[in-house]
Amino acid sequence: MIWYIAAGSALGGVSRYLIGGLVQRAAGPAFPTGTLIVNVTGSFLLGLVIAYAIETPSVSSELRAFLTIGFCGGYTTFSTFSFEATRMLQTGAWARAGLYVGLSVLLSLGAIATGLLAARQLILLRLR
């Protein structure tokens with residue numbers, strides 16, 4: 001099980017680096033868009049995988065650990081989010097920090113809920 005989690009973490013971390021960097025370069029340095037996008041998409045994926053894995057026998061415990069603890073754990077960036085928000089506060093960018101924290105929490109919660117709903121729809125399609 002440890003190796004599944006380790007492999008997922010490695011792939012998640014590399015994906016975070018590539019996707020977050022690509023988005024940040026495209027968006028510019030004024031706002032941590034790369035981290036925001038990574039956290040929201042990671043939340044969606046986690047909701048999708050967990051709901052699907054719980055409701056269907058087709059996802060092994062190893063694959064579930066690989067995707068949730070491993071990939072999503074390595075992909076999402078709560079520590080980076082916390083650092084970026086703190087830096088904004090330290091530099092007096094209160095409004096930007098508030099926007100970032102608010103968007104991160106609300107969009108990530110919405111993404112989890114959307115992932116859960118998407119998994120339910122996949123399960124319904126599978127049962128037909």
**Student:** Is a donor on one side and an acceptor on the other found under 3.5 Å between the side chain of Asn39 and the backbone of Thr76?
**Tutor:**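 No; zero donor-acceptor contacts below 3.5 Å.
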**Student:** Are Phe44 and Val38 in one and the same hydrophobic cluster, where Ile, Leu, Val, Met, Phe, Trp and Tyr link if side-chain heavy atoms are under 4.5 Å apart?
**Tutor:**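 They do share one cluster, since a chain of ILVMFWY contacts under 4.5 Å joins Phe44 to Val38.
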**Student:** Drop me the distance from Leu67's CG to Tyr52's OH, to the nearest 0.5 angstrom.
**Tutor:**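 Those atoms lie 12.0 Å apart.
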**Student:** In Å and rounded to the nearest 0.5 Å, what is the CE to OH distance from Met88 to Tyr100?
**Tutor:**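 Answer rounded to 0.5 Å: 6.0 Å.
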**Student:** Under a 3.5 Å cutoff, is there a donor and acceptor pairing between the side chains of Thr41 and Tyr75?
**Tutor:**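 Indeed, the side chains of Thr41 and Tyr75 share at least one donor-acceptor pair under 3.5 Å.
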**Student:** Are Phe71 and Val49 packed together at the side-chain level, in the sense that at least one heavy-atom pair is separated by less than 4.5 angstrom?
**Tutor:**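 The answer is no; the side chains never approach within 4.5 Å.
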**Student:** Main chain of Ile19, side chain of Gln24: is a donor-acceptor contact present, judged purely on distance under 3.5 Å?
**Tutor:**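 No, the answer is negative, given that no donor and acceptor are paired below the 3.5 Å cut-off.
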**Student:** If only atom types and distance count, is the side chain of Ser108 paired as donor or acceptor with the main-chain N or O of Val105 below 3.5 Å?
**Tutor:**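 No; judged by distance alone, with no hydrogens or angles, the pair does not exist.
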**Student:** To the nearest 0.5 angstrom, please state how far the CG atom of Leu116 sits from the CG atom of Leu46.
**Tutor:**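 One finds 8.5 Å between CG of Leu116 and CG of Leu46.
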**Student:** Out of curiosity, Leu89 CG to Arg96 CZ, how far, rounded to the nearest 0.5 Å?
**Tutor:**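 Those atoms lie 10.5 Å apart.
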**Student:** Hydrophobic clusters here meaning ILVMFWY residues chained together by side-chain heavy-atom distances under 4.5 Å, can you tell me if Val59 and Leu45 are in one?
**Tutor:**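 Yes, one cluster joins them.
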**Student:** With hydrophobic residues grouped by side-chain heavy-atom distances under 4.5 Å, do Ile54 and Leu48 end up in a single group?
**Tutor:**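 Shared cluster, no.
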**Student:** Locate the shortest heavy-atom distance separating Ile123 from Ala51; write the atom from each residue and the value.
**Tutor:**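 Shortest heavy-atom separation between Ile123 and Ala51 comes out as CD1-O, 4.0 Å.
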**Student:** Do Leu36 and Val23 come within less than 4.5 Å of each other through their side chains, counting heavy atoms only?
**Tutor:**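 No, side chains not in contact.
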**Student:** Answer yes if Leu107 and Val101 sit in the same cluster of Ile, Leu, Val, Met, Phe, Trp and Tyr residues linked by side chain heavy atoms under 4.5 Å apart, and no otherwise.
**Tutor:**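 Same cluster: Leu107 reaches Val101 through Ile, Leu, Val, Met, Phe, Trp or Tyr contacts under 4.5 Å.
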**Student:** Would you indicate whether the side-chain heavy atoms of Leu22 and Leu18 approach each other to under 4.5 Å?
**Tutor:**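 With C-beta onward as the side chain, the pair stays apart.
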**Student:** What is the distance from atom CG of Leu117 to atom CD1 of Ile112, rounded to the nearest 0.5 Å?
**Tutor:**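 The CD1 atom of Ile112 is 11.5 Å from CG of Leu117, to the nearest 0.5 Å.
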**Student:** Are there more than 12 heavy atoms of other residues, nucleotides or ligands under 6.0 Å from atom CD1 of Ile2?
**Tutor:**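 Check fails, neighbour count at 12 or below.
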**Student:** Counting C-beta onward and ignoring hydrogens, is there a side-chain heavy-atom pair between Pro32 and Phe81 closer than 4.5 Å?
**Tutor:**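 Of all side-chain heavy-atom pairs linking Phe81 with Pro32, none is under 4.5 Å.
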**Student:** Tell me the closest heavy-atom pair linking Pro57 and Arg126, and the distance in Å.
**Tutor:**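 Minimum heavy-atom contact is CD-NH1, 4.2 Å.
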**Student:** Indicate yes or no: at least one non-hydrogen side-chain atom of Ser79 is less than 4.5 angstrom from one of Phe83.
**Tutor:**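 A side-chain contact under 4.5 Å is absent here.
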**Student:** How many angstroms lie between CZ in Phe66 and OG in Ser9, if you round to the nearest 0.5 Å?
**Tutor:**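 Interatomic distance, Phe66 CZ to Ser9 OG, rounded to 0.5 Å: 9.0 Å.
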**Student:** If Ile, Leu, Val, Met, Phe, Trp and Tyr residues are connected whenever their side-chain heavy atoms lie under 4.5 Å apart, and connections chain through other members, are Ile69 and Leu11 in the same group?
**Tutor:**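 Shared cluster, no.
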